[in-house]
2 protein chains.
Amino acid sequence: MPKKVDHLQRRTLIADALMRVAAERGLEAVSLRHVAAEAGVSAGMVQHYFATKDEMMAFAMAVVRDRGEVRVTAAVTRLGAEPPPRLLIRTFIAALLPLDEQSGDTAKVALAFLAYAAVRPAAAAALRDDTAQLRSFVASLLPGPGADEAAGGLLALMEGLGLYLVSGQYTAEQALAVLDAHLDRLFPG
Amino acid sequence: MPKKVDHLQRRTLIADALMRVAAERGLEAVSLRHVAAEAGVSAGMVQHYFATKDEMMAFAMAVVRDRGEVRVTAAVTRLGAEPPPRLLIRTFIAALLPLDEQSGDTAKVALAFLAYAAVRPAAAAALRDDTAQLRSFVASLLPGPGADEAAGGLLALMEGLGLYLVSGQYTAEQALAVLDAHLDRLFPG
DNA sequence: GGCATCACAATGCAACTGTATGGCAAAAGC
DNA sequence: GCTTTTGCCATACAGTTGCATTGTGATGCC
C-alpha cells in the first residue's frame with residue numbers, strides 16, 4: 001500500500017475549518033471551497049476525504065457532539081469520586097454552556113446545526129437520544145418527587161441559557177447566577 | 001400617481017412565502033426565485049418590493065416578531081383584567097411556545113433566524129431588547145426575593161422548551177408539564 | 001389627451017455552488 | 001523495475017445564486 005495517511009486526522013482538520021467558517025459567517029457560508037481555503041488545503045482534497053457535502057456536515061456534527069461529551073466527562077472526572085449531586089449537576093451544565101469565547105464559537109456552530117437538523121429529520125434523530133439520556137441521568141440525581149419534570153426543566157433552562165449566551169444577551173456571570181438560583185430551588189435546605 | 005398597491009400587504013405576502021420555504025427546507029433554501037415561486041409571483045416582483053435579499057430577510061424577521069407579540073397580547077387580553085400573576089405568566093409563555101403544528105413551523109423559522117442572527121450582530125440587536133423587556137415584566141410578577149434571576153431562569157426554560165418542541169423531543173403535554181412543575185416552585189403554597 | 005409615474009416582467013450576467021473526471025506523483029508489493 | 005494502489009490536484013460542467021438592466025402596460029394627475 002502506498003502513502004499512509006491518518007484519515008481521521010485529515011477529516012478532523014477539515015471539520016475544524018468547517019466549524020470556523022460556520023462560527024464566523026454562518027452555515028450558509030460553508031462551501032467546499034470556503035472550507036478548503038480556511039483549512040489551507042485544496043478543494044480537491046476536501047472532496048477526496050468527503051464524497052459529498054452532506055457527509056462532511058454529518059462528520060462535523062459528530063465532532064461537535066463528541067467534543068461536548070469530552071468536555072463533560074473531563075469536568076466531571078475532575079470532581080473525583082462520589083461528588084455531591086448538586087455540584088455534579090452544576091459542573092456538567094457549566095461544562096456544556098458556552099461560557100468562554102472559544103466555546104461560544106462551538107455553540108454558534110451547534111446552533112447552526114440545530115437549525116439545520118430542524119428541517120432534516122434524519123440529522124435530528126441523533127440529537128434526540130443524547131438529551132433523553134442526559135435527562136434520566138439528571139433525574140436520578142435530583143431529590144424528592146417530580147424529579148423527572150425537574151430534570152427536564154433544568155435541561156431546558158440550560159439550553160435557554162446557552163441560547164442567551166450565544167446571542168450575547170447574557171454574560172457568563174449572569175448565566176451562572178440564574179443557574180445557581182435555579183439549583184437553589186431544586187436543592188432546598 | 002399610477003396603480004396604487006398596498007405595499008405592506010405585498011411585502012407580507014412575500015414574507016409569508018419566505019417563511020413557508022424556510023420552515024420546510026431551511027433558510028439556505030431561501031432564494032429570490034424559490035420565494036417567488038412559493039408566493040406564486042414572478043421573481044421580478046420580489047425584487048420590486050425588496051431591493052436586496054437582506055432587506056427581505058429583515059422584514060420577514062420583523063414579521064415573525066410582530067406575530068409573536070400579537071399572539072401574546074391576544075392570549076393575555078383574553079384573561080381579562082387583573083389576572084393572577086401565575087396564570088398570566090403561564091398564559092403568555094404558552095402563547096409563545098410552539099405547542100401546535102402551525103406554530104411549530106413559525107418556531108422553525110424563528111430558530112433559523114436565530115442562527116442567522118448569531119453571526120450577524122446587526123440583526124441580533126433587535127432580539128436583545130425584546131427579551132430584556134420581557135424579563136423585567138416577568139420579574140415584576142414574581143413573588144419574593146431573587147425575582148430577577150427567577151425571571152431569567154423562567155425565560156431561559158421557555159426558550160429551552162421551545163427548542164425541544166421544535167426538534168420533536170417533547171410533546172406539547174410534556175412541555176406544559178415541565179413548565180407547570182417549574183411554576184409550582186416559583187409560586188409556593 | 002398627454003405624460004410622468006409606478007407595478008411588474010423578462011432577460012442577462014458574473015459569481016458561485018456541488019460534483020464528476022482525468023491526471024500526476026509517490027509509495028508499497030512483487 | 002514494474003505495476004498497482006493511493007493521495008491529491010486541476011479543471012470542467014451544469015445548475016443556481018443575487019442583482020442590474022431594460023422593456024411593457026397600466027394608471028391617475030393636469
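Everything numeric in this text was worked out from a predicted model, so none of it was measured. To find a chain, count down the sequence lines: A is the first, B the second, and so on, and within it residues start at 1.
With rounding to the nearest 0.5 Å, the separation of OH in A:Tyr49 from CG in A:Leu8 is 11.0 Å. Once rounded to the nearest 0.5 Å, the distance linking CD1 of B:Ile93 with CD of B:Glu159 reads 10.0 Å.
The side chain of A:His7 places an N or O atom within less than 4.0 Å of a non-bridging phosphate oxygen (OP1 or OP2) of D:dG7. Between A:His34 and C:dT17 there is a side-chain polar atom (N or O) within less than 4.0 angstrom of OP1 or OP2. Phosphate proximity of D:dG7 to A:His48: present, with a side-chain N or O under 4.0 Å from OP1 or OP2. Phosphate contact (OP1/OP2 of D:dG7, side-chain N/O of A:Arg10, threshold under 4.0 Å): absent.
Atoms CG (A:Leu13) and C1' (D:dC8) sit 14 Å apart, rounded to a whole Å. The separation between A:Gln9 atom CD and D:dG7 atom P is 13 Å, rounded to whole Å. Distance B:Leu8 CG to C:dA7 P: 14 Å, rounded to the nearest Å. C:dC6 atom P lies 16 Å from atom CG of B:Asp6, rounded to whole Å. In this structure, the CD atom of B:Gln47 is 16 Å from the C1' atom of C:dC6, given to the nearest Å. Here the C1' atom of nucleotide D:dG18 and the CG atom of B:Leu32 are 6 Å apart, to the nearest Å. As rounded to whole Å, 10 Å separates atom P of C:dA9 from atom CD1 of B:Ile14. Rounded to an integer number of Å, the gap from CG of B:Asp54 to P of D:dT17 is 16 Å.
Side chain of A:Ser31, nearest nucleotide from D:dG18, C:dT17, D:dC8: C:dT17. Comparing C:dA9, D:dC19, D:dG7 by their closest approach to the side chain of B:Thr52 singles out D:dC19. Closest to the side chain of A:Met45, out of D:dG18, C:dC8, D:dC8, is D:dC8. Set against D:dT17, C:dA7, C:dT19, the side chain of B:Arg33 has D:dT17 as its closest nucleotide. Among the nucleotides D:dC9, C:dA10, D:dT17, the one closest to the side chain of A:Ser42 is D:dC9.
Contact check on B:Asp6 versus B:Arg11 returns no salt bridge, with no Lys/Arg side-chain nitrogen under 4.0 Å from an Asp/Glu carboxylate oxygen.
Looking at which nucleotide of DNA chain C each of A:Lys53 and B:Tyr49 is closest to, the 5′-most match is held by B:Tyr49.
Nucleic acid contact for A:Val30: sugar-phosphate only, since backbone atoms but no base atoms lie under 4.0 Å from a heavy atom of the residue.
Residues B:Val109 and B:Leu27 form no side-chain contact, since every pair of their non-hydrogen atoms from C-beta on lies 4.5 Å or further apart.
Tested against B:Arg135 for a salt bridge (Lys or Arg N to Asp or Glu O under 4.0 Å), the candidates B:Asp129, B:Asp130, B:Asp148 yield a single pass: B:Asp148.
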